[in-house]
Amino acid sequence: METATPKFENRRANRFEVDCSLRFSHLPSSKSLRARCLNISESGALLLVPMHIPVIEGQNVELFFSQNAFNLVLEAGFTPPGSNFQATVARIDRQALLEEAGIRIGLEFL
């Protein structure tokens with residue numbers, strides 16, 4: 001089930017908790033696959049990507065939101081500039097690799 005909730009914190013930009021799927025294009029490997037958006041803000045997003053993607057900090061990626069996911073982000077109170085974003089991998093978290101069957105990556109929008 002896709003959901004969205006604003007989350008207010010002491011950060012550069014407030015994050016909006018969003019649970020929705022999207023297309024994730026890993027530009028260095030030319031792979032495009034499904035990923036899960038866990039939260040989003042004006043400056044970036046937190047994604048859960050498949051564990052077989054060779055993600056490295058500093059790599060560029062592109063996100064493509066479906067119309068439903070895009071509407072969900074709007075309902076959370078975040079107004080994105082469009083339905084696709086280019087970003088740089090800023091952080092990689094493999095702590096919950098087995099629990100979530102994926103890697104959490106923090107992205108900074110370009």
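Bear in mind the structure is a predicted one, so any value in this text is a computation, not a measurement.
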Shortest non-hydrogen separation from S21 to A69 and the atoms involved
O-CB, 3.6 Å
Between F109 and S41, which heavy-atom pair has the shortest distance, and what is it?
CE1-O, 3.3 Å
Side chain to side chain donor-acceptor pair (under 3.5 Å) between N60 and Q86, intermediate numbers included
CA-CA 7 Å; N60 289 334; Q86 290 193 3; over 6 Å; no
If the plane angle is over 60° it's perpendicular, under 30° parallel, otherwise tilted; pick one for F65 and F85.
perpendicular
Side chain proximity check, T88 to L110, heavy atoms < 4.5 angstrom:
yes
For the hydrophobic clusters of this structure (ILVMFWY residues joined by side-chain heavy atoms under 4.5 Å, transitively), does one cluster hold both M51 and F24?
yes
Does the side chain of L47 come within less than 4.5 Å of L63's, by heavy atoms?
yes
Determine, using the 4.5 Å side-chain heavy-atom cutoff (strictly less than), whether I92 and L27 are members of one ILVMFWY cluster.
no
Please check if the number of heavy atoms outside E57 that lie under 6.0 Å from its CD is greater than 12.
yes
Using a distance-only test with no angle check, is there a side-chain donor-acceptor pair under 3.5 angstrom linking Q67 and N71?
yes
Less than 4.5 Å apart, any side-chain heavy atom of V49 and any of V61?
no
L38 side chain reached by V18 side chain, heavy atoms, under 4.5 Å:
no
Below 4.5 Å, heavy atoms only, C-beta onward: do F64 and L22 meet side chain to side chain?
no
Minimum-distance pair of heavy atoms, taken over all atoms of K31 and I53
CD-CD1, 4.2 Å
Contact between L33 and H26 at the side-chain level, heavy atoms closer than 4.5 Å - yes or no?
no
Rounded to the nearest 0.5 Å, how far apart are CZ of R91 and CZ of R104?
8.5 Å
Indicate the atoms forming the closest heavy-atom contact of C20 with L72, along with that distance.
CB-CD2, 3.8 Å
At their closest point, which heavy atom of V55 faces which heavy atom of Q59, and how far apart are they?
CA-OE1, 3.5 Å
